[in-house]
Enquirer: 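Just dropping this structure here.
Each chain gets a letter, A, B and so on, in the order its sequence line appears, and its residues count up from 1. Everything numeric in this text was worked out from a predicted model, so none of it was measured.
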2 protein chains.
Amino acid sequence: MAGQPKRKPEGAYHHPDLEQALVGAAIKTISEQGIEGLTLRDIGSQLGVSRTAIYRHFADKSALLARVALEGFRIFRRALRLAVDKARIAGADPIEEMGVAYIAFAQANQSHYQTMFSGECGSWHLHPELVSEAEGAFDVLLSTIKEEQAAARISAAHDPTKLADIIWAGVHGLATLGLVGQLFAYDGSSAQLQELGRLQGRILLAGLRSEGKF
Amino acid sequence: MAGQPKRKPEGAYHHPDLEQALVGAAIKTISEQGIEGLTLRDIGSQLGVSRTAIYRHFADKSALLARVALEGFRIFRRALRLAVDKARIAGADPIEEMGVAYIAFAQANQSHYQTMFSGECGSWHLHPELVSEAEGAFDVLLSTIKEEQAAARISAAHDPTKLADIIWAGVHGLATLGLVGQLFAYDGSSAQLQELGRLQGRILLAGLRSEGKF
DNA sequence: ACCTGAACACCGTTCAAGT
DNA sequence: ACCTGAACACCGTTCAAGT
């Protein structure tokens with residue numbers, strides 16, 4: 001093995017868009033092996049590139065994962081926005097539809113979802129773009145809650161940010177536990193998890209509509 | 001370094017209870033460094049023991065973590081049981097008190113909580129004792145829901161297992177997001193997170209008491 | 001500018017050997 | 001029975017060197 005030329009032939013040097021290719025390979029690997037199964041060496045060789053080439057494009061492994069998470073939050077924000085808009089047009093409840101959309105997003109984009117919330121890319125605060133994009137997604141929920149309060153469709157007795165946290169946490173818990181199989185009334189089907197999300201949303205909304213103090 | 005005796009002196013050979021000491025060192029390390037910062041080499045040297053001594057007591061790293069998780073579920077189950085019993089005596093709502101107890105447990109036992117839910121010890125199903133202990137904890141919630149339904153204090157219109165999943169997911173989401181600082185209306189204080197848990201519980205219960213269809 | 005291979009400081013795990 | 005150190009097959013990351 002020592003005498004042969006190990007370097008690549010001339011033409012193959014510059015990868016057309018290595019940066020995006022790295023992100024794509026990471027997403028693919030995470031969906032196949034889970035996020036803890038992702039190694040830089042593996043995605044390097046998947047792309048026919050040295051295992052250190054990545055450092056030309058990302059500071060480290062965490063930065064690559066942060067990029068995947070960032071992309072996830074963008075998709076996520078659009079999905080929430082779309083759910084609200086469709087609910088408004090259809091006369092459906094926008095908060096309930098966001099809950100279902102949250103779970104559908106998590107199911108359809110498991111690689112992104114794992115990366116966003118597994119903590120594998122370190123604290124969000126290490127990557128400021130991540131914080132602001134996450135806030136953007138949260139704001140879709142928060143502003144909708146404020147609108148619903150203003151229209152007196154849900155109780156205005158509580159801080160909307162607290163309500164947003166509570167709703168977010170509920171659906172996040174369902175998605176997280178559902179995806180790893182830690183839910184007991186759940187056989188693994190996508191439809192059933194979304195149904196649980198819908199029921200949770202309806203119970204919360206019924207509570208938020210009730211006049212009784214709580 | 002080569003000529004000196006590296007082995008331990010006679011008397012120090014048999015650790016009094018290495019197995020439990022390993023568990024304790026793991027918990028301590030996780031609380032200081034987080035679960036991803038735990039290495040077998042480190043806890044070995046903490047206990048003044050070879051880094052391979054652990055394999056006399058646990059099949060592998062995952063098995064050690066599963067033991068920590070198992071211990072966590074036992075503490076957790078007792079905490080839930082106690083919360084229900086105290087609520088019954090005090091005339092408080094048992095489901096609401098369980099929610100607060102869930103969050104208090106997560107805060108007071110962060111090492112256990114991380115280990116139970118981080119997935120670092122692999123799927124629960126790799127460790128059957130873990131599954132049955134988790135089911136035991138879940139059953140405290142489930143049986144309480146059934147009792148509340150039987151007493152007509154909450155709606156009996158829905159499958160109690162689904163309701164248990166929904167409540168569990170809600171409080172689990174709050175605890176998880178709160179512990180890693182991904183909640184927006186939350187400054188990091190224990191009391192505030194418990195307050196959010198209480199509010200979430202009250203909203204869900206108000207929804208479950210309401211007669212309107214949802 | 002971009003990519004490479006060798007090297008470094010880590011991991012978990014196995015295993016023949018010691019007491 | 002219990003524990004050890006050496007060895008193995010992995011990691012992420014750094015860096016001087018190549019084109």
Enquirer: Do the non-hydrogen side-chain atoms of A/L141 and A/W168 ever get within less than 4.5 Å of each other?
Expert: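 Yes; the side chains approach each other to less than 4.5 Å.
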Enquirer: Could you write nucleotides 7-13 of chain D as a row of B, S and -, 5' to 3', where a protein heavy atom under 4.0 Å of any base atom gives B, of only sugar-phosphate atoms gives S, and otherwise -?
Expert: ----BBB
Enquirer: Would you say the rings of B/Y102 and B/F76 are close, in the sense that their centroids are separated by under 6.0 Å?
Expert: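 Yes, the ring centres sit under 6.0 Å apart.
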Enquirer: Measure the distance from CD1 on B/I54 to P on D/dC2 and round it to the nearest whole Å.
Expert: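 Those two atoms, CD1 and P, are 15 Å apart.
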Enquirer: Do the side chains of B/E19 and B/R56 get close enough for a salt bridge, i.e. N-O under 4.0 angstrom?
Expert: no
Enquirer: Is any side-chain N of the basic residue among A/E148 and A/R88 closer than 4.0 Å to the acidic one's carboxylate O?
Expert: yes
Enquirer: Whole-Å distance between D/dC3 P and B/F58 CZ?
Expert: 12 Å
Enquirer: Can you list the stems that DNA chain C is part of, where a stem is at least 3 pairs in a row, each Watson-Crick or G-U, with both distances below 3.5 Å?
Expert: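 Result, WC/G-U stems under 3.5 Å: C:4-8 with D:12-16, C:12-16 with D:4-8.
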Enquirer: Please name all residues satisfying side chain to side chain donor-acceptor pair (under 3.5 Å) with B/R198, sequence neighbours left out, ordered by chain then number.
Expert: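 Scan of B/R198 (side chain to side chain donor-acceptor pair (under 3.5 Å), adjacent residues dropped) gives B/E96, B/E97.
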Enquirer: Suppose we screen for ring-ring contact (aromatic ring centres under 6.0 Å, His included). Which residues come up paired with A/F58, at least two apart in sequence or across chains?
Expert: none
Enquirer: State whether a side-chain donor-acceptor pair under 3.5 Å links B/Q114 with B/E120.
Expert: no
Enquirer: What pairs of residues pass the side-chain hydrogen bond (donor to acceptor under 3.5 Å, both in side chains) test when at least one of them lies in residues 70-84 of chain B, not counting sequence neighbours?
Expert: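 Applying side-chain hydrogen bond (donor to acceptor under 3.5 Å, both in side chains) to every pair that reaches into residues 70-84 of chain B, excluding sequence neighbours, yields B/Q20-B/E71, B/E71-B/H112, B/R77-B/E133.
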Enquirer: Return the value, rounded to whole Å, for the distance between atom CG of A/L18 and atom C1' of C/dA1.
Expert: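 From A/L18 CG to C/dA1 C1': 13 Å.
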Enquirer: Is there a side-chain contact between A/Q200 and A/L196 (heavy atoms, below 4.5 Å)?
Expert: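 SC-SC contact between A/Q200 and A/L196 ruled out.
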Enquirer: Do the ring planes of B/H172 and B/Y113 sit parallel (below 30°), tilted (30 to 60°) or perpendicular (above 60°)?
Expert: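 Tilted.
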Enquirer: Within the side chain of B/W124, is there an N or O that forms a donor-acceptor pair under 3.5 Å with the backbone of B/M116?
Expert: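 Yes, the answer is positive, given that a donor and an acceptor are paired below the 3.5 Å cut-off.
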Enquirer: Starting at CZ of A/R56 and ending at P of D/dT19, how long is that distance when rounded to a whole Å?
Expert: 17 Å
Enquirer: Name every residue in residues 26-34 of chain B that has at least one heavy atom under 4.0 Å from any atom of DNA chain D, in order of residue number, or write none if there are no such residues.
Expert: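 Here the set is empty: none.
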Enquirer: Think B/H57 has a side-chain N or O under 4.0 angstrom from the OP1 or OP2 of D/dC3?
Expert: yes
Enquirer: Nearest whole angstrom, please: distance from the P of D/dC3 to the CG of B/L47.
Expert: 11 Å
